[in-house]
Amino acid sequence: MRYQRHIILPQIGLEGQEKLKNSKVLIVGAGGLGSAVSYYLTASGVGHIGIVDPDTVEISNLQRQILHNEERIGMPKAISAMISLKKLNSEVEVLPYPDEINYKNAPDIIKLYDLVVACPDNFSTRLILNDICLKLLKPLVMGAVAKFEGHVFDIIPPYGPCYRCIFNEAKDDIGQEGILSPVAGVIGALQAVESIKLLLKIGKPIHERMIIYDALKGFFREVKFVKNPACEICQKNED
Ligand SMILES: [Zn+2]
């Protein structure tokens with residue numbers, strides 16, 4: 001009954017819904033993007049969800065991080081996320097990681113999952129996820145937002161470009177920039193869509209291309225890109 005509207009879709013059906021139930025997705029970041037991704041994947045019946053975030057809930061998060069609420073200020077975000085997600089769908093197993101992900105612990109965590117969704121607020125975590133997912137051949141759904149814009153794309157190792165192929169120069173972290181609240185919801189929802197497509201192997205992934213959303217112009221555009229021959233990490237993984 002719960003997943004009736006999924007099951008009547010021929011691309012999903014009972015078989016696809018069972019597949020989602022047996023799927024394991026790691027969401028890194030329980031902020032604005034992570035809120036949308038985790039709510040939609042939990043509602044969709046992805047059976048096992050891990051959620052990583054080292055921070056605690058602050059009042060300034062509530063403008064866009066809809067997993068959390070006023071009663072949870074001071075609580076680790078990973079725990080607050082788990083409580084919200086279990087209330088939405090008690091059948092889903094939610095594993096909170098209230099720690100920072102780094103090169104040391106990432107392989108042991110990521111190897112337990114089928115797919116990783118990148119929702120952090122900093123550049124260095126994206127690089128860690130990229131490098132470890134490339135090594136472990138795990139699909140990685142990238143998303144980022146700032147001000148009135150956001151983008152989303154899939155990394156599917158060993159095929160196509162990685163994050164470093166595109167963003168090979170270190171950028172400043174975007175955490176302190178302004179962000180229009182629902183823009184995080186738009187991009188997070190797109191990341192949830194891509195996750196389900198990749199888990200079920202349906203449709204055409206946002207691969208070797210990026211979808212960029214400009215909220216002020218009310219416009220989505222697509223940018224295509226390929227593997228960068230100068231990317232050190234891609235070269236290393238091919239050796
Ligand atoms: Zn690369």
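Residue indices begin at 1 and follow the sequence shown. These values consider heavy atoms only, across backbone and side chains, with no hydrogens, waters or symmetry-generated copies.
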Engineer: Using side-chain heavy atoms (C-beta onward) and a distance below 4.5 Å, is Cys133 in contact with Ile155?
Structural biologist: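 With C-beta onward as the side chain, the pair stays apart.
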
Engineer: Using a cut-off of 6.0 Å, state whether more than 12 heavy atoms not belonging to Arg221 lie near its atom CZ.
Structural biologist: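 Counting neighbours around CZ of Arg221, 12 or fewer heavy atoms of other residues, nucleotides or ligands fall under 6.0 Å, so no.
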
Engineer: Hey, are the side chains of Asp99 and Val52 touching, using non-hydrogen atoms and a 4.5 Å cut-off?
Structural biologist: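 When only atoms from C-beta onward are counted, Val52 and Asp99 do not touch, as no gap falls below 4.5 Å.
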
Engineer: Between Cys234 and Arg164, does a side-chain contact (heavy atoms from CB on, under 4.5 Å) hold up when you go through it step by step?
Structural biologist: CA-CA 8 Å; Cys234 281; Arg164 286 181 191 268; over 6 Å; no

Engineer: How about Lys21: does its NZ atom have over 12 heavy atoms from other parts shown lying under 6.0 Å from it?
Structural biologist: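 Open.
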
Engineer: With side-chain hydrogen bond (donor to acceptor under 3.5 Å, both in side chains) as the test, would you mind laying out the steps for Arg64 and Ser181 before giving the verdict?
Structural biologist: CA-CA 5 Å; Arg64 65 204 173 281; Ser181 169; over 6 Å; no

Engineer: Hey, does Leu26 have a side-chain heavy atom less than 4.5 Å from the side chain of Val117?
Structural biologist: no

Engineer: Decide if atom NZ of Lys147 counts as having more than 12 heavy atoms of other residues, nucleotides or ligands within a radius under 6.0 Å.
Structural biologist: no

Engineer: So that I know where these two stand, are Tyr163 and His151 an aromatic pair - ring centroids less than 6.0 Å apart?
Structural biologist: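 Not under 6.0 Å, so no.
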
Engineer: Would you indicate whether the side-chain heavy atoms of Tyr39 and Ile66 approach each other to under 4.5 Å?
Structural biologist: yes

Engineer: Answer with yes or no whether the hydrophobic clustering places Ile187 together with Met210; edges join I, L, V, M, F, W, Y residues whose side-chain heavy atoms lie under 4.5 Å apart.
Structural biologist: yes

Engineer: For Tyr40, is the OH atom crowded, meaning more than 12 foreign heavy atoms sit under 6.0 Å from it?
Structural biologist: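 Incorrect, the count does not exceed 12.
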
Engineer: Heavy-atom count around Glu100 CD within 6.0 Å, excluding the residue itself: above 12?
Structural biologist: no

Engineer: Distance check, rounded to the nearest 0.5 Å: Leu137 atom CG versus Ile156 atom CD1?
Structural biologist: 12.0 Å

Engineer: Are Val193 and Val152 grouped together when hydrophobic residues (ILVMFWY) are joined by side-chain heavy atoms under 4.5 angstrom apart?
Structural biologist: no

Engineer: Are any of the side-chain heavy atoms of Leu41 and Ser195 separated by less than 4.5 Å?
Structural biologist: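 Touching, per the 4.5 Å side-chain cut-off.
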
Engineer: Hydrophobic side-chain clustering at under 4.5 Å (ILVMFWY, transitive links): who's grouped with Tyr3? Put none if nobody.
Structural biologist: Ile7, Leu14

Engineer: Does Phe219 share a hydrophobic cluster with Tyr213, counting links as ILVMFWY side-chain heavy atoms below 4.5 Å and allowing steps through other members?
Structural biologist: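 As far as the 4.5 Å side-chain criterion goes, Tyr213 and Phe219 are not connected within one cluster.
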
Engineer: With a cut-off of 6.0 Å (strictly less than), are more than 12 heavy atoms of other residues, nucleotides or ligands near CZ of Phe225?
Structural biologist: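 Yes, enclosed.
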
Engineer: With the 4.5 Å side-chain cut-off for hydrophobic clustering, are Ile59 and Leu67 part of the same group?
Structural biologist: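 In one cluster: no.
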
Engineer: Determine whether the side chains of Thr56 and Arg72 contain a donor N or O and an acceptor N or O closer than 3.5 Å.
Structural biologist: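 Distance-only check fails for Thr56 and Arg72.
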
Engineer: If we only count heavy atoms from C-beta on, is the Thr125 to Val28 side-chain gap below 4.5 Å?
Structural biologist: yes

Engineer: Hey, is NZ on Lys227 packed in by over 12 heavy atoms from elsewhere, all under 6.0 Å?
Structural biologist: yes

Engineer: side-chain contact (heavy atoms from CB on, under 4.5 Å), that's the test. Do Val92 and Val46 meet it? Break it down for me.
Structural biologist: CA-CA 7 Å; Val92 171; Val46 170; 6.0 Å; no

Engineer: Please check if Val25 and Leu88 belong to a single hydrophobic cluster, counting links between Ile, Leu, Val, Met, Phe, Trp and Tyr side chain heavy atoms closer than 4.5 Å.
Structural biologist: yes

Engineer: For Arg209, give me all partners under salt bridge (charged side-chain N to carboxylate O under 4.0 Å, His left out), at least two apart in sequence or on another chain.
Structural biologist: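 Arg209 satisfies salt bridge (charged side-chain N to carboxylate O under 4.0 Å, His left out) with Glu222 once adjacent residues are dropped.
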
